Amino acid sequence: MIEAGRPATKLKSEALQVLLERGLVHQCTDLETLDRNLAAGPVTAYAGFDATAASLHVGHLMPLMTMRWLQKLGHRPILLLGGGTSRVGDPSFRNEARPLLGDEQIAANISGIRHSVERLIDFRGEDGALLVDNADWLTEFRFLEFLRDFGSQFTVNRMMTFDSVKSRLEAQMPLTVLEFCYMMLQAVDFLELSRRHACTLQIGGSDQWGNIINGVELARKGDGKQLFGLTVPLITTASGAKMGKTAAGAVWLHPEHLSPFGFWQFWRNTADADVPRFLRLFTELPMTEVLRLSELQGAELNEAKKILATQVTAIVHGAEEARNAREQGDRLFAGEEELAAPTHRLDLQHLADGLGLLQLVVHVGFATSTSDAWRLVEGGGVRLNGRVVEDPRRRIAVGDLAAEDQLTLAVGRRRKALVAFD
RNA sequence: GGAGGAGUGCCCGAGUGGCUAAAGGGGACGGACUGUAAAUCCGUUGGCUAAGCCUACGUUGGUUCGAAUCCAACCUCCUCCA
């Protein structure tokens, strides 16, 4: 295993030097040879995303940032959407099977994921990145053919040794054949991409190590080719929690699931202790700047947090949205609940239909249910236009709208929304 | 194949006929304090246009005025025997 952030004096390739100093490297199958390859010329690398939800979330930023760096440094990324593997479900480090997804759900999720991926990676031009879907080949296999061609290359003995399934086996929890075969499918993906597009490197989260190794081994046995695997670390916050989970759900990358301002807020609220690490991992600021910002102490760190938030938001939602979000943040937290640009839009018709405050709180994503919102109101945590709301049954009326038919809604100290009706 | 044990809310974990929407802890969120941080203290933590109603303690049925708690079958797991 590679220590993240270790001075990369021996490395020849700029790519690995950058990834290491950014803290994006956790494990690698053969760091030295990969380094030579990356130094010798463009390498094609892939990262895959299964269609488990309608949007990617901040956890997916790690492999995506890695791909961005590789692209920036002259290598070619392939982003793989798991249209095929999503029908199976990766059992890695899970103690029970995922609910099986229907084809329609998968198709819908893939389009949401594609949206974010296309923002983060440049697919234009001949040398641009590639976007592929493993349904293209996985659905073509016939069962007996598949078993003969690939089943013969895997042993159950070996497959059972992977940590990703070991705990499930040891806990005697059921692991279906369907799930167990997931690692074969991902291995075949890697082989397929190496054949079709000369892809030699797979990037994934640390939970993907086993799946990646299987691909590397399959290519060696089957095609006599050396492929490489590189995993990014699992990020936890300073308080030890898995990153990106909040009361209102995951921190989504898709603007329909979390507004750019909400996204900006998430990063602005980073704990002090996480700031240096997050700057390295999730921004593309030069290391000198990262180090300078990391030196800041106490309340000065607030400026670093704003820069962090604005940088990440720019990568995910674009520079313009990032600027807006920052401006919003500055204004909304300046003192009063000042208005900037709307974070949410609603049809004016909703007011005529009798829009409840609780519904609005849920709608903007500050509560997961009206009951949840109800409790927030009872706890004195909800403010409408700067005034604490006492009555959970409060309805929104035309009289609540300020200029331009807008109102501000705030939950707690940090979550604020500007809702426009039109 | 046989004998015994277990399955609780986001997680861990009490409860063994009504006082239980379910102790306690963790996490999370809200309030106070602050720097939109941390620590600390207080509160909340199934759903619902909500002084009420509805769903909940593996699943499905049953006993009972009343069940997470008793019974039956089923599913899953654990331990011991073969």
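Proteins come first, then strands; the chains are lettered A, B, ... in the order of their sequence lines, and each starts at number 1. Predicted model, so just to flag it, every value in this text is computed and none were measured.
Counting heavy atoms from C-beta outward, A:His350 and A:Leu360 have side chains that stay 4.5 Å or more apart.
A donor-acceptor contact shorter than 3.5 Å is absent between the side chain of A:Ser13 and the backbone of A:Leu38.
Between the side chains of A:Tyr182 and A:Asn214, no donor N or O sits under 3.5 Å from an acceptor N or O. Side-chain contact check for A:Asn211 and A:Asp90: at least one donor-acceptor pair (N or O, by modelled atom type) lies under 3.5 Å.
The separation between A:Glu303 atom CD and B:A37 atom P is 16 Å, rounded to whole Å. Put simply, CZ on A:Arg394 is 18 Å from C1' on B:A50, counting in whole angstrom units. Note: CH2 (A:Trp374) to C1' (B:G52) measures 10 Å, nearest angstrom.
At B:C48, one or more side-chain N or O atoms of A:Ser369 fall inside 4.0 Å of OP1 or OP2 (strictly under the cut-off). Contact annotation: A:Arg415 side-chain N/O to B:G30 OP1/OP2 distance is under 4.0 Å. Taking only side-chain nitrogens and oxygens, A:Ser371 never comes nearer than 4.0 Å to OP1 or OP2 of B:G46. The side chain of A:Arg413 places no N or O atom within less than 4.0 Å of a non-bridging phosphate oxygen (OP1 or OP2) of B:C29.
When the P atom is used for both B:A39 and B:C54, the distance is 42 Å, rounded to whole Å.
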So which protein nitrogen or oxygen atoms get under 3.5 Å of nucleotides 41-45 of chain B's nitrogens or oxygens?
none

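Residue A:Gln265 is in base contact, counting any heavy-atom pair closer than 4.0 Å across all strands shown.
Contact annotation: side chain of A:Asp272 to base of B:G35, donor-acceptor pair present below 3.5 Å. A donor N or O paired with an acceptor N or O is found under 3.5 Å between the base of B:A50 and the side-chain atoms of A:Thr370.
Classification of the A:Phe261-A:Trp264 ring pair by plane angle, with boundaries at 30° and 60°, yields parallel.
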